[in-house]
Amino acid sequence: MTAPQPLPMTADFLAMVQGIRELHHLAVAGNDDSPEADVIRDGTDKPWEALSEAERNRVRGLSEDLYSLVEPPQERQPTTAEAEANFKYLSEAMEHGEWDKSLELLRQCQMHLDPAQVSQLRGKIWLDAGDRETASLFFKHAVELDAADELHSALSPHSLGITDTPAFRK
Amino acid sequence: MPRVFRIMKKEPDGLPTVGPTSLGVRPGVDIELDVGNNVIVNRKGMSVAPNWRDINVSRIPRRLRSIVLGARGSKGSTCFRFGDGPFQQGPFANGLTLEPDSAVHANVSPAAVAPLATYETDLAATRQNWQEDET
């Protein structure tokens, strides 16, 4: 079996993701309706037009997931048989490097997981998919939620050596 | 007239704001000008889509997140609809044509070489035909 591969990321996709991250940072500061935010939106129009539908869905999902870093966590729901099945599929998808499927499955079962674990997993998926900057946002959130389990320790930004990214320094 | 959507700022009268990033264009970004300040006819122009859900997710007002995952646009923006005809190349309004470049995007371009001011006036003249539609 071949090892999981990072996502191919075009210049337009990277520009779009950077714009979404910058808008996220402005939202954290309460400036998402500022002229500065509109300048960033202007800069994402051309990259957006160049994206495939799969890339657009990935960007939509990332933008949605970034809201989880600033909004109160959802109340955790009891695990169901469907959630258990999704955990299994998620694990398999991550193992096989199916990054979009992994992110989607995580979205489907996130209400059954600890919010810190959700952010850890998102960080892990983005890291393995090849985007350290985005990964660091989710790892930072997991740290802030003070998850102290073994998985958290293993996947901490320090142990992964990504604390030098701008997002993590903020 | 083709049915298209564009996300724009809204004035108190419920119609779109006329301006470069609303009902209008950004010279050098959306269109190119010749040395005489005329708009070059090259299918570039004011960006529109056949459905507001296809528009850049950073433009879709975030109040619509329940419909479009990750919507991250300004709360001051509104989705507007124009026309009810098919999304295809052809006349759009006086002095303007619709130029699709994919199934989910088109530009409203000048029908012929025209001074920038004329093109902007033609776009502004469509203002009454846009109506809010976020359904």
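So that the names make sense, note that chain A is the first sequence line, chain B the second, and so on, each numbered from 1.
Each of A:L121 and A:M111 belongs to its own hydrophobic cluster when Ile, Leu, Val, Met, Phe, Trp and Tyr are linked at side-chain heavy-atom distances under 4.5 angstrom. No continuous path of hydrophobic side-chain contacts links B:V25 to A:V39 [ILVMFWY only; heavy atoms under 4.5 Å]. Transitive grouping of hydrophobic side chains (ILVMFWY, heavy atoms separated by less than 4.5 Å) brings A:I20 and A:M9 into a common cluster. Hydrophobic clustering (side-chain heavy atoms under 4.5 Å, transitive across Ile, Leu, Val, Met, Phe, Trp, Tyr) groups A:W126 together with A:W99. At a threshold of 4.5 Å between side-chain heavy atoms, the hydrophobic network of Ile, Leu, Val, Met, Phe, Trp and Tyr places B:L123 and B:L116 in one connected group.
The number of heavy-atom neighbours closer than 6.0 Å to CD of A:E82, taken from other residues, nucleotides and ligands shown, is 12 or below. Within 6.0 Å of the CG atom in B:N94, the count of heavy atoms belonging to other residues, nucleotides or ligands does not exceed 12. Environment of CD in B:Q89: crowded, with over 12 heavy atoms of neighbouring residues, nucleotides or ligands closer than 6.0 Å. Taking a 6.0 Å sphere around OH of A:Y67, one finds it holds more than 12 heavy atoms contributed by other residues, nucleotides or ligands.
Looking at heavy atoms from C-beta onward, B:R26 lies in side-chain contact with A:D45 at the 4.5 angstrom threshold.
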Query - CA sep, side-chain torsions, deciding dist, call: A:W48, B:V57, side chain to side chain contact (heavy atoms under 4.5 Å, CB included) - result: CA-CA 8 Å; A:W48 177 262; B:V57 71; 3.9 Å; yes
Report task. Would you check, one step at a time, whether the test salt bridge (Lys or Arg N to Asp or Glu O under 4.0 Å) holds for B:D54 with A:R56? Result -> CA-CA 9 Å; B:D54 296 319; A:R56 289 182 177 196; 5.5 Å; no
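Side-chain N or O atoms of A:D33 include one that pairs as donor or acceptor with a backbone N or O of B:K75 at under 3.5 Å. In this structure, A:R41 contributes its side chain and B:S58 its backbone to a donor-acceptor pair below 3.5 Å.
Considering CG of A:D42 and CG of B:N56, their distance stands at 9.5 Å, rounded to 0.5 Å. A:D38 contributes atom CG, which lies 6.5 Å from atom OG of B:S77 (distance to the nearest 0.5 angstrom).
Of the two parts of B:I60, neither the backbone nor the side chain holds a non-hydrogen atom closer than 4.5 Å to a non-hydrogen atom of chain A. Residue contact with chain A, scored on non-hydrogen atoms closer than 4.5 Å, is absent for B:A49. Heavy atoms of A:I40 lying under 4.5 Å from chain B are absent altogether. In this structure, no portion of B:S102 lies under 4.5 Å from any heavy atom of chain A.
A pairwise comparison of heavy atoms in A:E64 and B:L69 identifies CG-CD1, 3.4 Å as the closest pair. Closest approach of B:G70 and A:S63 over heavy atoms only: O-OG, 2.5 Å.
With respect to the salt-bridge test (charged N to carboxylate O, under 4.0 angstrom), the residues A:E71 and B:R65 qualify. Taking the charged nitrogens against the carboxylate oxygens, B:R72 and A:D32 have no contact shorter than 4.0 Å, which rules out a salt bridge.
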